[in-house]
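Have a look at the structure below before the remarks.
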There are 2 protein chains.
Amino acid sequence: MTQKKQIKLTKFEMEMMDALWQLGSGSVREIHEQLPLKKRSAYTTVQTIIRRLEDKGAVQRVKKIGNAFIFEPLITRQSAHQRLINELLELFGGSARPLMAHLAESGKLSLEDIREMESLLPEADFESDSKDTRKARNTTSKRK
Amino acid sequence: MTQKKQIKLTKFEMEMMDALWQLGSGSVREIHEQLPLKKRSAYTTVQTIIRRLEDKGAVQRVKKIGNAFIFEPLITRQSAHQRLINELLELFGGSARPLMAHLAESGKLSLEDIREMESLLPEADFESDSKDTRKARNTTSKRK
DNA sequence: GACAAGCTACTACAAAAGTAGTAAATTCAG
DNA sequence: CTGAATTTACTACTTTTGTAGTAGCTTGTC
């Protein structure tokens with residue numbers, strides 16, 4: 001396997017990665033333009049962040065088009081998100097319960113959501129051994 | 001509204017607050033000693049963080065015992081946690097679903113947890129007969 | 001009332017994160 | 001080939017966060 005390394009991304013770096021995940025791959029300019037306006041700082045700033053991401057091993061250059069490098073993510077959005085969640089969970093004492101409770105209390109989580117989860121969960125449970133990592137397109141989010 | 005509750009805490013500051021939340025209130029020394037060993041840096045470091053928390057309005061001095069000040073939290077663990085969750089949720093596009101999915105996928109969330117939630121949630125809403133009255137996003141945001 | 005012990009106040013500095021400028025290299029159009 | 005546009009490489013500065021030292025103020029104790 002490549003590197004199981006847990007790369008830590010800052011908030012801004014996450015934004016960059018988000019843009020890149022959306023693009024699939026792209027040049028600094030493309031990434032820059034992909035950023036939502038309010039978060040779009042100078043082109044060279046983006047460049048700097050990309051370089052740092054490269055240093056961290058979060059992205060890599062895959063080719064050159066014109067005189068510009070094309071970058072590609074080396075980590076998945078999934079794993080990055082997972083990392084953030086784990087970090088948060090730690091603060092909560094490692095248990096998901098309080099987190100859930102918070103979500104529910106603030107109305108971010110409906111009974112409907114829960115029901116949905118309930119029907120999804122057993123699957124994941126039983127397949128925890130199978131090595132088949134088929135990334136079903138959009139099983140999780142398609143509605144709403 | 002007493003004050004603006006958009007206090008952002010760093011990781012370390014959260015640790016301090018955590019200690020203080022556990023204590024209810026306490027002196028710098030008590031807070032220092034409450035910290036888990038691995039995170040316990042110099043006494044003066046804790047002091048500095050407490051001062052910054054004071055500046056931010058996250059804690060306040062309530063009295064003096066001997067020549068030491070006793071501090072008390074000004075924000076609840078709840079609200080701090082909520083803030084963190086919201087921040088995370090933002091990265092996830094604002095929806096709790098992907099977050100839940102992650103939790104489930106990584107085994108952090110058991111079917112049991114879900115069932116538990118399920119039985120807790122309806123309380124906040126109401127029973128389970130009427131169709132969808134559940135758009136009550138924030139109807140009852142009591143004290144805050 | 002002099003002192004040791006403890007606490008606060010103030011200051012400092014390094015590392016991380018955010019932001020961006022400038023010079024040199026590359027490339028494409030003529 | 002030449003020059004302009006574009007991109008990269010390198011450097012630099014600011015703010016925030018983590019970390020801690022030191023001087024001086026308080027206090028309880030003889």
Side-chain angles (χ1 to χ4, degrees), chain A residues 5-20 23 25-72 80 83-84 87 90-91, chain B residues 6-20 23 25-72 80 83-84 87 91:
Chain A
K5 210 164 114 80
Q6 285 279 57
I7 298 173
K8 188 184 169 208
L9 303 177
T10 69
K11 196 127 194 294
F12 197 17
E13 284 170 347
M14 270 296 286
E15 306 281 359
M16 296 294 125
M17 289 304 289
D18 220 36
L20 192 53
L23 290 168
S25 70
S27 63
V28 171
R29 181 146 310 269
E30 286 171 309
I31 293 169
H32 182 236
E33 271 157 17
Q34 182 71 23
L35 293 174
L37 282 167
K38 49 284 295 258
K39 295 170 179 166
R40 201 179 296 172
S41 39
Y43 174 81
T44 46
T45 300
V46 174
Q47 214 178 237
T48 302
I49 302 297
I50 298 292
R51 189 167 47 65
R52 287 181 187 169
L53 284 170
E54 221 184 332
D55 290 344
K56 288 186 178 184
V59 306
Q60 78 182 335
R61 307 166 179 213
V62 283
K63 59 179 170 176
K64 200 167 184 182
I65 288 184
N67 62 343
F69 289 112
I70 302 300
F71 294 86
E72 212 172 66
R83 189 184 195 288
L84 288 175
E87 214 171 278
E90 241 176 80
L91 283 172
Chain B
Q6 269 307 54
I7 298 175
K8 192 191 157 203
L9 302 177
T10 70
K11 197 128 192 293
F12 197 17
E13 285 169 347
M14 271 295 287
E15 307 280 358
M16 296 294 124
M17 290 304 290
D18 220 36
L20 192 53
L23 291 168
S25 69
S27 64
V28 171
R29 181 146 310 270
E30 288 172 308
I31 293 168
H32 181 236
E33 272 157 17
Q34 182 72 23
L35 293 173
L37 282 167
K38 47 285 295 266
K39 294 168 180 168
R40 202 179 296 171
S41 37
Y43 174 81
T44 46
T45 300
V46 174
Q47 214 178 236
T48 302
I49 302 297
I50 299 293
R51 190 168 46 66
R52 287 182 188 168
L53 284 170
E54 221 186 334
D55 289 344
K56 288 185 178 185
V59 305
Q60 78 182 336
R61 306 164 180 215
V62 282
K63 58 179 170 178
K64 200 168 183 181
I65 289 183
N67 61 345
F69 289 113
I70 302 300
F71 293 88
E72 212 171 66
R83 190 184 195 286
L84 288 176
E87 214 171 278
L91 284 172

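The chains referred to below are lettered A, B, ... by the order of the sequence lines, with proteins before strands, and numbering in each begins at 1.
Put simply, CG on B:Leu53 is 14 Å from P on D:dT19, counting in whole angstrom units. Taking atom NE2 of A:His32 as the reference point, atom P of D:dT7 lies 12 Å away to the nearest angstrom. Taking atom CD1 on B:Ile50 and atom C1' on C:dA9, their separation rounds to 15 Å, with Å as the unit. Put simply, CD1 on A:Ile31 is 14 Å from C1' on D:dT8, counting in whole angstrom units. Rounding to whole angstrom units, NZ of residue B:Lys8 and P of D:dT15 are separated by 16 Å. For B:Ile49 and C:dT8, the CD1 to C1' distance is 16 Å, given to the nearest whole Å. Straight-line distance from the CD1 atom of A:Ile65 to the C1' atom of C:dT26: 15 Å, rounded to whole Å. Following rounding to the nearest Å, A:Asp55 (CG) and D:dC10 (P) show an atom-to-atom distance of 11 Å.
For A:Thr44 (side chain) and A:Gln47 (main-chain N/O), no donor-acceptor pair under 3.5 Å exists by modelled atom type. Judged by distance alone, the side chain of B:His32 and the main-chain N or O of B:Ser41 form a donor-acceptor pair under 3.5 Å. Under a 3.5 Å cut-off, the side chain of B:Glu33 and the backbone N or O of B:Glu30 do not form any donor-acceptor pair. Proximity of a side-chain donor or acceptor of A:Glu54 to a complementary backbone N or O of A:Arg51 within less than 3.5 Å is not detected.
A cation-pi contact links A:Arg61 to A:Phe69, judged by a cut-off of 6.0 Å to the six-membered ring centre and 45° from its axis.
Annotation: of the two residues near DNA chain C, A:Gly66 and A:Lys39, the 5′-most nearest-nucleotide partner is A:Lys39. Residue order along DNA chain D, read from the 5' end via each residue's closest nucleotide, puts A:Ile70 first among A:Ile70 and A:Arg52.
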Practice task
Please step through salt bridge (charged side-chain N to carboxylate O under 4.0 Å, His left out) for the pair B:Lys8 and B:Glu87, ending with a clear verdict.
Solution key: CA-CA 10 Å; B:Lys8 192 191 157 203; B:Glu87 214 171 278; 5.8 Å; no

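A:Lys64 comes within contact range of the sugar-phosphate backbone alone, with a heavy-atom separation under 4.0 Å but no base atom that close. Note on A:Arg29: only backbone sugar-phosphate atoms sit closer than 4.0 angstrom, heavy atoms only; bases stay farther off. At a threshold of 4.0 angstrom between heavy atoms, the contacts of B:Arg40 with the nucleic acid are absent.
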Problem - Letter per nucleotide, 5' to 3', of nucleotides 20-25 of chain D [B base touched, S only sugar-phosphate touched, - untouched; heavy atoms, 4.0 Å] - result: BBB---

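Here the nucleotide nearest the side chain of B:Lys11, chosen from D:dG18, D:dT8, C:dT8, is D:dG18. When the nucleotides D:dT17, D:dT7, C:dT8 are ranked by their closest atom to the side chain of B:Lys56, D:dT17 comes out on top.
Note on B:Thr10: a side-chain N or O is less than 4.0 Å away from OP1 or OP2 of D:dG18.
In terms of the side-chain hydrogen bond (donor to acceptor under 3.5 Å, both in side chains) criterion, residue partners of A:Lys39 (sequence neighbours excluded) are, by chain and number, A:Glu15.
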